[in-house]
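Because the structure is a prediction, the values reported are computed rather than measured.
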Amino acid sequence: MLMKSPTTMNPSDTDAGTPVSVKIRERLVAARKRFHANDNIAEFVTPAELEKLLDEVELKMQGVLDSLVIDTVNDHNTDNTARRVAKMYLNEVFRGRYVACPSITEFPNVGHLNELMIVGPITVRSACSHHFCPVIGKIWIGIMPNEHTNVIGLSKYARLAEWIMGRPQIQEEAVVQLADLIQEKTQPDGLAIVMEASHYCMAWRGVKDMDSKMINSVMRGVFLKDPNLRREFLSLIPRKG
């Protein structure tokens with residue numbers, strides 16, 4: 001049998017059996033790009049690879065079900081569960097890892113707006129990276145614009161929040177990531193974000209406390225320097241425990 005020489009072999013033939021997750025991981029390592037649970041890696045994944053990744057996650061999720069001793073062949077409730085879970089992770093709850101940042105149209109501040117603006121509550125959904133249990137809560141965003149601030153539509157704040165939260169997250173890190181992104185997009189004099197959320201890793205398992213919530217905030221610019229402005233922002237948030 002004639003064999004292809006290394007010089008004539010099609011590159012796709014050499015890695016035909018390599019899982020797509022390994023190819024993506026190697027690409028990230030070569031670029032010295034971090035790929036933690038709450039990082040976005042869209043730049044290193046093609047749409048075709050995302051489809052193959054869906055197949056790979058389904059296969060491995062089926063292995064999890066098998067190891068849990070669930071008869072997915074005869075149990076109509078778990079028939080095709082592996083595929084559903086794979087689609088949920090890649091196309092829904094963790095979509096923020098695999099797609100680029102949503103397109104945001106920015107407008108100049110022609111009206112020279114310089115008064116406090118608050119957006120919220122924005123409902124956000126994520127999953128904790130410790131147990132992959134749901135994190136569900138609300139976010140309030142305060143902006144103190146200046147004449148150079150970029151103005152974006154109100155719905156765009158929700159889109160940016162959804163993109164950041166659509167990854168396995170730790171709430172403290174998620175709020176900082178969102179603040180960094182909004183700061184970059186709008187360049188305000190001040191930015192304030194408050195998040196209040198229920199964590200099902202505490203409500204569904206562990207101590208099983210259904211009433212406990214976590215609240216944290218990020219203050220930037222004038223919100224950090226001016227206590228009166230900070231108090232005004234916090235007093236205008238209609239939080240309900």
Side-chain angles (χ1 to χ4, degrees), residues 11-100 123-137 161-175 177 195 197-214:
S12 63
D13 293 340
T14 63
D15 62 356
T18 304
V20 67
S21 63
V22 173
K23 298 178 187 178
I24 296 168
R25 182 183 294 261
E26 289 175 348
R27 207 174 295 151
L28 287 157
V29 171
R32 298 187 177 182
K33 169 74 174 181
R34 199 183 80 164
F35 50 102
H36 290 184
N38 62 357
D39 288 329
N40 178 270
I41 60 171
E43 182 183 352
F44 298 87
V45 185
T46 69
E49 286 176 328
L50 197 55
E51 285 299 314
K52 293 180 181 178
L53 198 58
L54 184 62
D55 295 335
E56 185 180 332
V57 173
E58 176 188 2
L59 180 64
K60 292 182 177 180
M61 188 62 211
Q62 182 61 51
V64 171
L65 294 171
D66 292 342
S67 294
L68 289 172
V69 199
I70 296 174
D71 182 3
T72 59
V73 174
N74 297 298
D75 177 12
H76 64 279
N77 291 317
T78 53
D79 177 37
N80 210 35
T81 288
R83 185 70 176 184
R84 286 192 292 268
V85 172
K87 290 171 70 175
M88 176 187 73
Y89 280 149
L90 291 174
N91 298 339
E92 296 181 78
V93 294
F94 298 154
R95 178 176 169 81
R97 295 196 79 233
Y98 306 104
V99 299
T123 300
V124 290
R125 301 164 185 85
S126 188
C128 76
S129 48
H130 293 156
H131 295 94
F132 277 21
C133 289
V135 175
I136 301 176
E162 181 182 31
W163 185 65
I164 290 293
M165 299 304 294
R167 313 165 192 181
Q169 281 286 10
I170 299 301
Q171 183 171 333
E172 308 94 297
E173 296 179 1
V175 173
Q177 283 186 327
M195 178 173 173
S198 297
H199 290 244
Y200 282 72
C201 57
M202 189 173 180
W204 189 29
R205 58 162 298 283
V207 296
K208 298 183 176 66
D209 186 342
M210 294 297 295
D211 297 321
S212 180
K213 296 180 185 297
M214 178 177 178

Exercise. Donor-acceptor pair, Asn40 side chain versus Gly96 backbone, under 3.5 Å?
Worked result: yes

Problem set entry | Non-hydrogen atoms of Gln169 and Ile164 that approach each other most closely |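 In terms of heavy atoms, the two residues are closest at NE2-O, 2.9 Å.
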
Problem set entry | Which atom of Val135 lies closest to which atom of Ala197, heavy atoms considered |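 Where Val135 meets Ala197 most closely, the heavy atoms are CG1-CB, 3.8 Å.
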
Exercise. Going through the distances and angles, do Phe35 and Val29 end up as a side-chain contact (heavy atoms from CB on, under 4.5 Å)?
Worked result: CA-CA 9 Å; Phe35 50 102; Val29 171; 4.0 Å; yes

Side-chain heavy atoms of [X] within contact of [Y], under 4.5 Å:
X: Val124; Y: Glu162; value: no
X: Leu53; Y: Glu49; value: no
X: Asn38; Y: Ser129; value: no

Problem set entry | Pairs satisfying salt bridge (charged side-chain N to carboxylate O under 4.0 Å, His left out), at least one member in residues 31-48, at least two apart | Arg34-Asp39

What's the separation between atom [atom1] in [X] and atom [atom2] in [Y], rounded to the nearest 0.5 Å?
X: Ile136; Y: Met165; atom1: CD1; atom2: CE; answer: 10.5 Å
X: Asp71; Y: Thr78; atom1: CG; atom2: OG1; answer: 7.0 Å
X: Ile24; Y: Thr46; atom1: CD1; atom2: OG1; answer: 7.5 Å

For this session: Please identify each residue that fulfils side-chain hydrogen bond (donor to acceptor under 3.5 Å, both in side chains) with Arg125, with sequence neighbours left out.
Result: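 By the side-chain hydrogen bond (donor to acceptor under 3.5 Å, both in side chains) rule, Arg125 matches no residue at all.
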
For this session: Just grab all the side-chain hydrogen bond (donor to acceptor under 3.5 Å, both in side chains) pairs involving residues 84-98, residues at least two apart or on different chains.
Result: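 Every pair satisfying side-chain hydrogen bond (donor to acceptor under 3.5 Å, both in side chains) with a residue in residues 84-98: Thr81-Arg84.
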
For this session: Please list all pairs passing the side-chain hydrogen bond (donor to acceptor under 3.5 Å, both in side chains) test where one or both residues lie in residues 53-63, with sequence neighbours left out.
Result: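 For residues 53-63: Ser21-Glu56, Asp55-Arg83, Glu56-Lys60, Glu58-Arg83, Gln62-Asp66, Gln62-Thr72.
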
Please list, one pair per line, the donor and acceptor atoms closer than 3.5 Å that link side chains of residues 199-212 to other protein atoms, with sequence neighbours excluded.
{"residue": "His199", "atom": "NE2", "partner": "Gln171", "partner atom": "OE1", "Å": "2.6"}
{"residue": "Arg205", "atom": "NH1", "partner": "Cys201", "partner atom": "O", "Å": "2.9"}
{"residue": "Asp209", "atom": "OD1", "partner": "Asp211", "partner atom": "N", "Å": "3.0"}
{"residue": "Asp209", "atom": "OD1", "partner": "Ser212", "partner atom": "N", "Å": "3.4"}

Exercise. Does Ala127 have any side chain to side chain contact (heavy atoms under 4.5 Å, CB included) partners at least two apart in sequence or in another chain, and if so, which?
Worked result: Phe94

Problem set entry | Option passing side chain to side chain contact (heavy atoms under 4.5 Å, CB included) with Leu54 (candidates Val20, Leu90, Leu59) |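 When side chain to side chain contact (heavy atoms under 4.5 Å, CB included) is applied between Leu54 and each of Val20, Leu90, Leu59, only Leu90 qualifies.
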
For this session: Carefully, step by step, assess Thr18 and Lys23 under the rule side-chain hydrogen bond (donor to acceptor under 3.5 Å, both in side chains).
Result: CA-CA 7 Å; Thr18 304; Lys23 298 178 187 178; 5.8 Å; no

